[in-house]
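Remember, it's 1-based here, ligands and their atoms both numbered in the order they're listed. Bear in mind that the values here come from a model prediction, so they are computed numbers and not experimental data.
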Amino acid sequence: MSNKLKIGIIGSGIQGISNALFLQKKGFQVTIFDRDEPGSPVASYGNAGHFSPYASLSLNRTDILADVPAMLLSSTGPLALKWNYVPKMIPWFLKFILNTSKKKMMHTAKNMHQILDLALPAYDELFDEVDINGLVENKGILYIWNEKDLKSRELEIKVRDELGVKQQLVNKSEIRDLEPNIKPFYHGGVYYPYARHARNPKKILLKFFELFLKKGGKFNKTNIQDIQFADEKPVLKNDTQKFTFDKVVIACGAFSKKLTDKLDEKIPLDTERGYHVHFKDFDHLISRPVVNSNRGFGMSPMDQGLRVVGTVEFGGLENTLSKNRIKNLILNAKEMLDGLPEHQDEWLGFRPTLPDFLPVIGPSKNYENVYYSFGHHHLGWTLGAISGKIVSGMIANDNTNMDLKPYSSVRFA
Ligand SMILES: Cc1cc2nc3c(=O)[nH]c(=O)nc-3n(C[C@H](O)[C@H](O)[C@H](O)COP(=O)(O)OP(=O)(O)OC[C@H]3O[C@@H](n4cnc5c(N)ncnc54)[C@H](O)[C@@H]3O)c2cc1C
């Protein structure tokens, strides 16, 4: 296939930019479209910054349904609903329930593991070309929990063991040695020493974007509203203009469904909304990201301060930020650390999530010149580089030993 092909990518989040950089490595001419400037406050900006290659077990797990009522009733818990959105989300929930059997849980875990295992080496190929000094730290990631939920933690530990994921169980005193400022509410945890974290996801994204432009990439700030076809070539349309390419990649995160619906695909993408706040100048209180597994949130030391981040809220793309979720993060953080000041920067972001908790990576079911790279839920930051590498290999017709069928949109046909 000629590497002179022109490729259009819709979306300049971590998925779009990573796809662009790997396509450029193969010599393709790439244009990125985004309705905002790269680094705008979308999911790729406000996440927890974890590079988490260990996180193969997703939320479609056998034990989750029994826990949901208690999670919803607790104001400090990890889960919330916007009630006005529940009717719209019922089809997604029903599909999700079907994906919580042991067999489906293991299917997701195995196929997440396949790509997660390659996630850090794929990033290293990109980091070789930019100066990430001070932006990525290699101090591991720590999860801690209280005894009450040990049973649920046992499932995670067992599944990860089965998949060969390296994990280091830590007791109270080992946790205290790692993070002496965390109040000792915990009874145990797990430490992933090889995990990394971003001190500033936006700056990393902008470094990648600079590299993209330096290599001759083009950027067009516009909202793509439709995709049509002329002689099988995809034509991207905004209000007034048309842009024709040999191939296009849809990498619009949680917003991708607006375009895939126009391609007669029935991809059940929805969003798990998540939040963050910053405690400016308090990043020194912890040395690495710490996740409170019982409460479903984490704290990451970042350039902006201590970023307290997480929780899952089902409520679609249109509802406004929930003050209760912000309060939940602040209260939870103050239960873990003494001396936190007033918070800053209340942020709401949209995780793109399919009911089987696998991303969609690969060609469209209906149009061979349209590719997808979205739906990476809680792990889209970790999976940026590897997804871009996979899609670029598909477009270049490279051979692969990987089984890529599990990520195809054909699974929803
Ligand atoms: C609270 C929270 C914490 C998280 N923490 C982590 C973590 O620690 N580690 C991890 O691996 N993942 C994490 N994630 C998940 C991760 O952030 C996302 O999966 C990932 O950022 C998605 O990237 P994306 O490029 O697919 O989408 P986005 O970052 O949402 O980017 C999509 C882009 O497409 C553009 N766009 C959309 N529609 C159009 C259109 N029609 N025309 C033009 N442009 C369009 C948007 O403007 C946007 O720039 C977290 C997410 C949240 C919300």
When Leu120, Leu383, Ile141 are each screened for side chain to side chain contact (heavy atoms under 4.5 Å, CB included) with Phe51, the one that passes is Leu120

For Tyr407, the option from Val360, Ile115, Leu354 that meets side chain to side chain contact (heavy atoms under 4.5 Å, CB included)
Ile115

How far is [atom] from the closest protein heavy atom, and which atom is that?
atom	answer
atom 35 (C) of ligand 1	Asp34 OD2, 3.2 Å
atom 38 (N) of ligand 1	Arg35 NH1, 3.4 Å
atom 19 (O) of ligand 1	His377 O, 2.8 Å
atom 26 (O) of ligand 1	Gln15 CG, 3.2 Å
atom 13 (C) of ligand 1	His378 O, 3.1 Å
atom 42 (N) of ligand 1	Ile224 N, 2.9 Å

Side chain, backbone, both or neither: which applies to [X] and ligand 1 if a contact is any heavy-atom pair less than 4.0 Å apart?
X	answer
Tyr275	backbone
Trp381	both
Ser373	neither

Going by salt bridge (charged side-chain N to carboxylate O under 4.0 Å, His left out), name the residues that satisfy it together with Arg35, two or more places apart in sequence or in a different chain.
none

Aromatic ring proximity Phe282/His284, centre distance under 6.0 Å
yes

Between Phe33 and Phe219 (judged by ring centroids, cut-off 6.0 Å), do the two rings come close enough to count as a pair?
no

Which of the numbered atoms in ligand 1 are below 4.0 angstrom from a heavy atom of [X]?
X	answer
Gly274	1 (C)
Pro352	19 (O)
Gly253	26 (O), 27 (O), 32 (C)
Ile14	23 (O), 25 (O)

Nearest non-hydrogen atom to [atom] belongs to which of [options]?
atom	options	value
atom 17 (O) of ligand 1	Pro359, Ala43, Pro289	Ala43
atom 23 (O) of ligand 1	Ser12, Gly380, Ser44	Ser44
atom 40 (C) of ligand 1	Thr382, Ile32, Asn223	Asn223
atom 32 (C) of ligand 1	Ala195, Cys252, Gly11, Ala119	Cys252
atom 6 (C) of ligand 1	Thr222, Ile141, Asn47, Leu116	Asn47
atom 1 (C) of ligand 1	Ile17, Ile10, Leu379, Val309	Val309

Charged N to carboxylate O below 4.0 Å: is that the case for Asp283 and Arg199?
yes

On the six-membered ring of Tyr194, is Lys166 placed so that its NZ or CZ lies under 6.0 angstrom from the centre and within 45° of the ring axis?
yes

Separation between CG of Asn294 and CH2 of Trp145, rounded to the nearest 0.5 Å:
9.5 Å

Using the side-chain hydrogen bond (donor to acceptor under 3.5 Å, both in side chains) rule, pick out the option among Tyr186, Tyr54, Tyr192, Tyr191 that qualifies with Tyr143.
Tyr54

Would His187 and Asn146 count as having a side-chain donor-acceptor pair, cut-off 3.5 Å?
no

